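Quick notes on the structure that follows.
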Amino acid sequence: MMPQELAPQYDPSGLEKNVSQQWAEAKSFAATPDDNPHPYVIMMPLPNVTGALHMGHAMDNVMQDMLTRWHRMMADNALWMAGTDHAGIATQAVVEKRLLELEGKTRHDIGREALVERIWDWKEQYQARIVRQQQAMGCSCDWDRQRFTMDKVCARAVSWTFFHLFQDGLIFRGTRLVNWDCYLQTAVADDEIVYETVQGHFWHLRYPIIDPQPGEPHYIVVATTRPETMLGDTAVACHPNPRGALERLIAKTQERLGVASQKERTEIEAELERLKQRAETHLPLLEKLTSMAKDGRMVHLPLLDRQIPLICDEWAKPELGSGCVKITPAHDPNDYDVWARHSDTIGLINILQIDGSLNDNAGPYQDLDRFTAREKIVADLQSQDLLEQIEDRETEIGHSERSKTPIEPYLSEQWFVRMGDVEGGVVCGRGTLKEFTTPGLAQAAIDAVEGSWSSPSGRQVAFHPDTRYGHTYVNWLAEKRDWCISRQLWWGHRIPIWAGTFSGQVLTEKLTWLEPYLSRDDVTARLLHADGSSQLVQPGSAVQHVEGVEYSKDDTMQLLVCLREPPAQEQLGQELEAAGLARDPDVLDTWFSSGLWPHSTLGWPDPASAEINPGQALLGGQNGVADCLSFYYPGSCLVTGRDIITLWVARMVLMGLYNLGDVPFTDVFIHATILDGKGERMSKSKGNGIDPVDIIDRYGCDAMRYVLCEMQTGSQDIRLPVQAISPYTEEMIDLATAKHGRTIFTYVCPTSGKEFDVLGTMPDIPSAKLVSERFEVGRNFCNKLWNATRFALLNMEAATFTPLQVKDLALEDRWILSRLSRAITEVHGQLEAYNPSAAVVAAREFFWSELCDWYLEMIKPRLREAGEAETARQVLAFALDQVLRLLHPCIPFLTEFLWQRLNEHAPHRGIEQALEVPELITRAPWPRPQDAWQDVQSERDVDFLRDVIRAIRDIRSQYTVPPKQTVQVRIKVDSVTGQAAQILEAGSAHMSQLAGVASLQIAADVERTADAATAVVGELEVYILGVVDIEKERARLISRITKLTGTLEGTRKKLANENFVSRAKPEAVEKERGRLVDMESQLETLSTSLSALG
RNA sequence: GGUCGCAUAGCUCAGUCGGUUAGAGCGCUUGCCUCACAUGCAAGAGGUCCGGUGUUCGAAUCACCGUGCGACCACCA
């Protein structure tokens, strides 16, 4: 096939599709275990199947792809595992919402099975869309291995992990106060709550005191932002020692005042004054109440006519409110703690039903929604004169991230993973060669990133680009809070537990029936005592144990049976159900399965028997080569944003350690978060989120990737100004400065004056695409690369390869090879340091500022000359080859396309020897720097020539000499045989080509004509003849002299400073001396020229 | 309340061990459609390195104080 000439302009649209197809056909990204000792593994942070990808995903994916492609070129066996997350609550919420909107039905109308089926449909649709987006971004994942967290292979890993944690006593069931989403009717994790400030009230309630003695108050005032919770009050607390507490606080505040800054002072002084005042006004009453509490006095709970005790607890703060606090243990976490301290004297009353309405403990308010009840209660209290005051107040209300409804603290039975240290420690990697014992799960994950610890294989986890995110990780884990893993949802991995509550003889019967199953290694059971503790039912000893002393005949106990294997869950599960046990309806927290991602995807616990989807690459070992799990685990690098360091990274580390005894990866690369032009986090719901596909459509994927790489500098945030494309005029409108329309999601097009929206939710006005002009830079870069290649190919009709000796090459050839070698070292080093921006800048700098701006220009005359052209072509082809390789991890499509064109024109490339040139660039060997090519002398010589050329160009520009007009130049040198003269002589062709020099005279005694402008380059005087306007030249020279004199004075002063000369490093002093000499000589030349002007 | 981070050109950001006249890209000004590229080429202007104090021969860089932002965690009767 005849090589085709490239079009003069780069157009990414068709190109990227074709290249994509080539990669797919060649299965370029397939990874299979082999005898390569260097696997490189990245596990993709799995996007949720709730929606399309955004710019944050683009950044994340591009960073991963860059690392993967780089390692693939370095001949590592590189696996990038792709996949998606079922994202339990998020996905179910989206599908339920649609169900309601489109069909007016709730999940209860259609039932569990039908809902789950619908969510699967949704998942298929979105997963396909996500994969298309990732492929459009050039992601070089092994697409034959992509997974979904609910795939069978992953489900088995989830079940196994649950089973072992349960068996080890690390998973337990308990009644705890959880965050309850009344809309979705599930527990949600602390991190799934967003706080919003709302205008609320602070109600001060009066609780009458029963039988007040003379001198005692008739009521106690307590304040609340949620008055309906009073129905669940079981005590009122006051501080056991209010005077002591208040005095301590006053002392502490005084101390703070001592060290406070000026600004804080007034505030602290006011606070101090308030506290002192309060001691006067409130203490007598509070002390009275304390003594009454110690006396065991009771308080009347209004509306319900209950008596509740007055108790002493330090949770009551004498400095706040009335100094007393109502205690609602079932609906407030702090009150729950108070209850835990006083559980012998006070009760615990739940007043809520799962939908947020009140239950039968609420008496007359039963079945009212909690907010309706609130109004009614306030009104009722008011009518009984029990409302002392209503204060307006801003309050922070926790809302569920998914349903956007207010969260209620709610007492319910949930499953937890024990994160803290346990007696006897936790065995990690049980049964493997890497087995070791750790104090607890959280501690194991903390150890993994700290100091001297290393896994049995010698690994540990390091954060990049710096260690500060290690602190986030450790601080979070150090709390060792138990992890609530149950969710009352239908979408997710169902908890593999069957439970039944039995007592006495029946329990014994059940255990006897269970006995034979317990000898199987995939069945385990525990008995849950009323106090929350549990014991493993041991095979062979179950019956005896039960008949022993552990519990009395009348005790009621919960029998929990856990099944490890999903198939057994089907069969044995039915038997258990027939025996009166019921499967736990809950599903697991999404992070439970994503925490297993690095090994569940590889077939853990047994790759050979892993059930993968049809057509997918096998996981078991073949032909004597290791299976995927042992080959690809532990992996290499995790790439993610900082928002899920705790949720995900920490969990992967601890799950990996627990199941396999080793960390899932050794490096964690935390990339920047993308913000909009106002510094706000990008998100679709904020109306500032850019869809990567819109950028790809407009600028091309490579352009987007180039800019993303260049932006990744290591700082924590990146601002990306966002523009909307006006649907009326197609103009770009900057959202940071544009005028809003009727809502914050609409803007006014300044030209047409019409309104558009950015969310796509306004039915009556058109919506605008969001893009960013920042990506133009990337497109321009791609165009430059396209055209540089185009130029090379136009000159390469007869390219051949002949082994060359570097020392025989022309100055510019030696120079470009030396610079190339440096650039390779730099790019490689910056990639190793997780600094993509610096890597890309180094590649660009070499390619654009050196190869294009100078080398190409310098060899143009040679390319036209037979005899000279061959070598120039060969060096050019080689340099281009190396540039394409260096840029491939960043801009894969274009480099792949150009690589193939280069292969057509110049299939054999190299300098001393021919390079390995594969058909596709994806597996082209990564460039290596050549020490032998480092040529300081040629670099210095070319720098010098460039300085002279620039000086001439500067003068030409200053005197507006038309580009086509040539100039005569005379250069005064010390000696015509000196080095400078030789370089100039050798470079005269370049000067003519690059600075329009028609005639060049180099001599020690050149004459300066009256119409000559003077430039000084180092020690040389350069005269450009026939351009001068005397006044202008005088002004120019004076300006130069003034500037130079200033610097010169500074240097002189420095050197005159005795301290500098004696104390600074000798090199620094030497440097200054050298500069001084240079500047003095330049100044002299300039002064001479000035005076010559007359 | 706790922990951590940021502030450098009009904009977005680099700046390594404290050492030359503080850099890049975009934008701006001027001149060029020079036979690869106007998505380009050449030349240029543009800085109180947030403010202050200190350490040092020397501070954008180190320490402390202040100002203004931001992130995460905790809490909020």
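Because the structure is a prediction, the values reported are computed rather than measured. Chain letters run A, B, ... following the sequence lines, proteins first, then strands; residues in each count from 1. Reckoned from all heavy atoms, side chains included, excluding hydrogens, waters and symmetry mates.
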Stems with RNA chain B, 3 or more Watson-Crick or G-U pairs in a row (under 3.5 Å), are B:1-7 with B:67-73, B:10-13 with B:23-26, B:28-32 with B:40-44, B:50-54 with B:62-66
Considering only heavy side-chain atoms of A:Asp954, the closest of B:rA43, B:rA74, B:rU21 is B:rA43
Should the ring pair [X] and [Y] be called parallel, tilted or perpendicular, given that the plane angle runs from 0 to 90° and is split at 30 and 60?
X: A:Tyr336; Y: A:Trp339; result: tilted
X: A:Phe781; Y: A:Tyr706; result: parallel
X: A:Tyr10; Y: A:Trp786; result: tilted

Measure the distance from [atom1] on [X] to [atom2] on [N] and round it to the nearest whole Å.
X: A:Leu1055; N: B:rG58; atom1: CG; atom2: C1'; result: 12 Å
X: A:Ile1024; N: B:rA43; atom1: CD1; atom2: P; result: 14 Å
X: A:Lys784; N: B:rG25; atom1: NZ; atom2: P; result: 13 Å
X: A:Tyr469; N: B:rG5; atom1: OH; atom2: C1'; result: 8 Å

| said: Just checking A:Phe463 against A:Tyr469, ring centres under 6.0 Å apart? | reply: no
What is the nucleic acid contact for [X], judged by heavy atoms within less than 4.0 Å: base, sugar-phosphate only, or nothing?
X: A:Thr224; value: sugar-phosphate
X: A:Cys324; value: base
X: A:Arg844; value: sugar-phosphate
X: A:Asp335; value: nothing
X: A:Trp848; value: sugar-phosphate
X: A:Glu857; value: base
X: A:Lys1065; value: base
X: A:Lys1053; value: nothing
X: A:Val777; value: sugar-phosphate

If you draw the axis of the six-membered ring of A:Phe847, does the NZ or CZ of A:Lys784 fall within 45° of it and under 6.0 Å from the ring centre? no
In A:Arg844, A:Arg705, A:Arg774, the residue satisfying salt bridge (Lys or Arg N to Asp or Glu O under 4.0 Å) with A:Glu710 is A:Arg844
So, with a heavy-atom separation below 4.0 Å from RNA chain B, the residues of residues 225-233 of chain A are A:Thr225
Per the O4'-C1'-N9-C4 / O4'-C1'-N1-C2 angle with a 90° window around 0, B:rC17 comes out syn
(Q) Would you say NZ of A:Lys1043 has more than 12 non-hydrogen atoms from neighbouring residues, nucleotides or ligands within 6.0 angstrom? (A) no
A:Cys709 meets the side chain to side chain contact (heavy atoms under 4.5 Å, CB included) criterion, sequence neighbours left out, with A:Val62, A:Met63, A:Met66, A:Val840, A:Cys890
Closest non-hydrogen contact found for A:Leu894 with A:Cys782 is CD2-O, 3.4 Å
Walking RNA chain B from its 5' end, the first of A:Pro962 and A:Pro721 to be reached, judged by nearest nucleotide, is A:Pro721
